[in-house]
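This report refers to the structure that appears directly beneath it.
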Amino acid sequence: MSELDISIIANVSISTPPATLGFYNPNSLMIITADTALGDLGYNSYGLYKDLNSVGTDWGTTTNTYKMAQAIFAQSPNILSAGGYLMIAPKQSSETLAQAITRMSGVVYFAGVISSIVETDENYEAAATVAQGLDTILFVPTNNSDAFEASGLFETLSDAKDYHCKPIYYGAGTNVEAVCFGAAYASRSMCVDFTAQNSTLTMNLKDISGFVADDTITTTLQTQASGYGVDIYPSIGGLAKVLSYPVAGLYFDDVYNQIWFKKRAQVEFFNALAGTRNKIPQTEVGMNYLKNAVVRVCQLGVYNGFLAPGTWNSADTFGNPDDFRRNIQEFGYYVYSAPITSQSQTDRQARKAPVIQVAAKEAGAIHSGSIILNFEQ
């Protein structure tokens, strides 16, 4: 007996989901090293590491690079705690730190970068300018107290408002110990799992494993550090603790969190466009679909403690002012786009979406306070 195939009645096909991008890793730290690799990494190559032994294999166990890796992996938590990793790339001959950062930024993404040596002021200043234009943070450690002098390194970086660099002073040891302290600081600070609840942090009053308090810190240096945005590691009440200060009004965690938010929103927006099998229409329905991708990042920012409901103090708003302030007050963020019917025909023909604007209230952090005691007999 012959039998007809069921597909003439019910034809089923399987559609695989479109490819989308993975998220940038905010816990990726790059060492630009003056040491020579034991093997050939190639001109634009680099090593990626999640353990100290592998660093020793590629770079030897007596190099600055290895000592920095020791300090990085010794922190608890550290860059590995949230799926991060260490990258090491050699600086080419006659190449400055700024040139090396520029070259490697075209090869691989890294959220933080540090040199294996204490660079000259000029090299640090040029590299800070480069980092300011990238979604990365340059760590600038030194043990040279001259950096606090008028027109010194710290004043120059502060005046330039290069808040994508984090100046660090550790005068308790040699140049090598200073860069190792900077590497340890970087690892301890770039350990946030942004998908976890209340996971964001501040570096103020944190411990740096393996390092003693810097006994060169005086009241004068502490005052200068606070003015220039330099993080230091003094003894406070007998405990070695980081004192953290802002560059151009922004603390390290402000910049780090903002980089995460920007890169996450960028990928969420791309994936919203790339992840649809058909198309996103140029309608309010389509715009709401795109805005929801950005809202997910805002919600995650509230969940991890970067953002929080609060009062918007700036006079600058967009959209409906009442909706704007109410959303900030209730949710901590406001996401808006102009009506799609108001966009120009040129933009419509170019298939561009109206600009999505986001306002968000950072949760901030408490670093100090006062207590008033009242007694009566």
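Hydrogens, waters and symmetry mates play no part in the numbers below; they use all other heavy atoms, side chains included.
When hydrophobic side chains of Ile, Leu, Val, Met, Phe, Trp and Tyr are connected at separations under 4.5 Å, Tyr336 ends up clustered with Trp312, Phe318, Phe324, Ile328, Tyr334.
Not a single donor-acceptor pair under 3.5 Å links the side chain of Thr276 to the backbone N or O of Ala272. Between the side chain of Ser187 and the backbone N or O of Ala183, no donor-acceptor pair lies under 3.5 Å. The backbone N or O of Gln329 sits nowhere less than 3.5 Å from a side-chain atom of Lys361 that would complete a donor-acceptor pair. Asp35 contributes a side-chain N or O that, together with a main-chain N or O of Thr65, makes up a donor-acceptor pair within less than 3.5 Å. Panel note: side chain Ser199, backbone Asp193; a donor-acceptor pair is recorded below 3.5 Å. Within the 3.5 Å criterion, the main-chain N or O of Gly173 finds a donor-acceptor partner in the side chain of Asn143. The backbone N or O of His164 lies less than 3.5 Å from no partner atom in the side chain of Asp162, so there is not a single donor-acceptor pair. Judged by distance alone, with hydrogens and angles left aside, the side-chain atoms of Glu177 form a donor-acceptor pair with the main-chain N or O of Thr174 at under 3.5 Å.
Applying the salt bridge (charged side-chain N to carboxylate O under 4.0 Å, His left out) rule to pairs touching residues 269-290 yields nothing, sequence neighbours excluded. Pairs passing the side chain to side chain donor-acceptor pair (under 3.5 Å) check and including a residue from residues 204-216, sequence neighbours excluded, read Tyr169-Thr216, Asp207-Lys241, Asp214-Thr216. Sorted by first and then second residue, the salt bridge (charged side-chain N to carboxylate O under 4.0 Å, His left out) pairs with a member in residues 41-67 form an empty list; sequence neighbours excluded. Judged as a side chain to side chain donor-acceptor pair (under 3.5 Å), the pairs with a partner in residues 82-94 (not counting sequence neighbours) are, in order, Lys91-Glu119.
Interatomic distance, Glu155 CD to Asp121 CG, rounded to the nearest 0.5 Å: 12.0 Å. In this structure, Ile208 CD1 and Ile168 CD1 are separated by 8.5 Å, a value rounded to the nearest 0.5 Å. The distance from the CD1 atom of Ile259 to the CG atom of Asp254 is 11.0 Å, given to the nearest 0.5 Å. One finds the OH atom of Tyr24 at 5.0 Å from the CD atom of Gln266 (value rounded to the nearest 0.5 Å). Considering CG of Leu80 and CD of Gln75, their distance stands at 11.5 Å, rounded to 0.5 Å. Once rounded to the nearest 0.5 Å, the distance linking CZ of Phe181 with OG1 of Thr142 reads 12.5 Å.
With sequence neighbours left out, Ala69 forms a side-chain contact (heavy atoms from CB on, under 4.5 Å) with Leu52, Val55, Phe73, Leu86. Every residue two or more places apart in sequence or in another chain that forms a side-chain contact (heavy atoms from CB on, under 4.5 Å) with Val108 is listed here: Met30, Tyr46, Met87, Met104, Phe110. When the side-chain hydrogen bond (donor to acceptor under 3.5 Å, both in side chains) test is applied to Asp347, no partner is found at least two apart in sequence or on another chain. Applying the side-chain contact (heavy atoms from CB on, under 4.5 Å) criterion to Thr62, with sequence neighbours excluded, gives no partner residue. Listed by chain and residue number, Gln222, Ala225, Ser226, Asp231, Ile232, Leu243 satisfy the side-chain contact (heavy atoms from CB on, under 4.5 Å) test with Tyr245 (two or more places apart in sequence, or in another chain). Thr156 meets the side-chain hydrogen bond (donor to acceptor under 3.5 Å, both in side chains) test with no other residue; sequence neighbours excluded. With sequence neighbours excluded, no residue forms a side-chain hydrogen bond (donor to acceptor under 3.5 Å, both in side chains) with Thr346.
Looking at Glu362 and Phe306, their side chains come closer than 4.5 Å, going by heavy atoms from C-beta outward. Contact of the Thr202 side chain with the Tyr251 side chain is not registered, since no non-hydrogen atoms from C-beta on lie closer than 4.5 Å. Taking 4.5 Å as the limit, some side-chain heavy atom of Ile72 sits within range of a side-chain heavy atom of Ile31. Using a 4.5 Å cut-off on side-chain heavy atoms (C-beta onward), Thr220 and Gln224 make contact. Leu307 places a side-chain heavy atom less than 4.5 Å from the side chain of Phe261. Two residues are said to be in side-chain contact when any heavy atoms from C-beta on lie closer than 4.5 Å; Asn25 and Tyr109 fail this criterion. Looking at heavy atoms from C-beta onward, Phe23 lies in side-chain contact with Arg264 at the 4.5 angstrom threshold.
Counting heavy-atom neighbours within 6.0 Å of Phe139 CZ, excluding the residue itself, gives a total above 12. Few gaps surround CD1 on Ile8; more than 12 heavy atoms of other groups in view lie less than 6.0 Å from it. Summarising the local packing, CD1 of Ile366 is surrounded by 12 or fewer heavy atoms from other residues, nucleotides or ligands at distances under 6.0 Å.
Met68 and Leu38 are assigned to two separate hydrophobic clusters, defined by single-linkage of ILVMFWY side chains at heavy-atom distances under 4.5 Å. Both Phe270 and Ile280 belong to a single network of hydrophobic side chains, linked directly or stepwise wherever heavy atoms of I, L, V, M, F, W or Y lie under 4.5 Å apart. The cluster map of Ile, Leu, Val, Met, Phe, Trp and Tyr, joined by side-chain heavy atoms under 4.5 Å apart, puts Val335 and Val355 in different clusters. Side-chain heavy atoms closer than 4.5 Å link hydrophobic residues (I, L, V, M, F, W, Y) into clusters, and following such links, even through other members, never connects Ile88 to Ile117. A chain of hydrophobic side-chain contacts below 4.5 Å, direct or via other Ile, Leu, Val, Met, Phe, Trp or Tyr residues, connects Leu157 to Leu134.
Annotation: cation-pi pair Lys166/Phe252 absent, no NZ/CZ under 6.0 Å from the ring centroid and within 45° of its normal.
Ring centroid separation for the pair Tyr228 and Phe154 does not come in under the 6.0 Å cut-off. Ring centroid separation for the pair Tyr185 and Phe211 does not come in under the 6.0 Å cut-off.
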Does the ring-ring contact (aromatic ring centres under 6.0 Å, His included) test come out yes or no for Tyr256 and Phe194, once each step is laid out? CA-CA 11 Å; Tyr256 176 53; Phe194 285 96; 5.4 Å; yes
Verdict with reasoning, Gln299 to Phe331, per side-chain contact (heavy atoms from CB on, under 4.5 Å): CA-CA 8 Å; Gln299 291 172 333; Phe331 305 111; over 6 Å; no
Residues Asn304, Val192; criterion side-chain contact (heavy atoms from CB on, under 4.5 Å); working and verdict: CA-CA 9 Å; Asn304 63 37; Val192 174; 5.8 Å; no
Step by step, would you call Val130 with Thr136 a side-chain contact (heavy atoms from CB on, under 4.5 Å)? CA-CA 9 Å; Val130 169; Thr136 192; over 6 Å; no
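Among Asn175, Ile114, Val118, the one residue that satisfies the side chain to side chain contact (heavy atoms under 4.5 Å, CB included) test with Pro141 is Ile114.
Across Pro77 and Cys191, no two heavy atoms sit closer than the pair CG-SG, 3.5 Å. Shown here for Cys165 and Ala128, the closest heavy-atom pair between the two residues is CB-CB, 4.1 Å. Nearest heavy-atom pair, Pro354 versus Met287, reported as atom, atom and distance to 0.1 Å: CD-SD, 3.4 Å.
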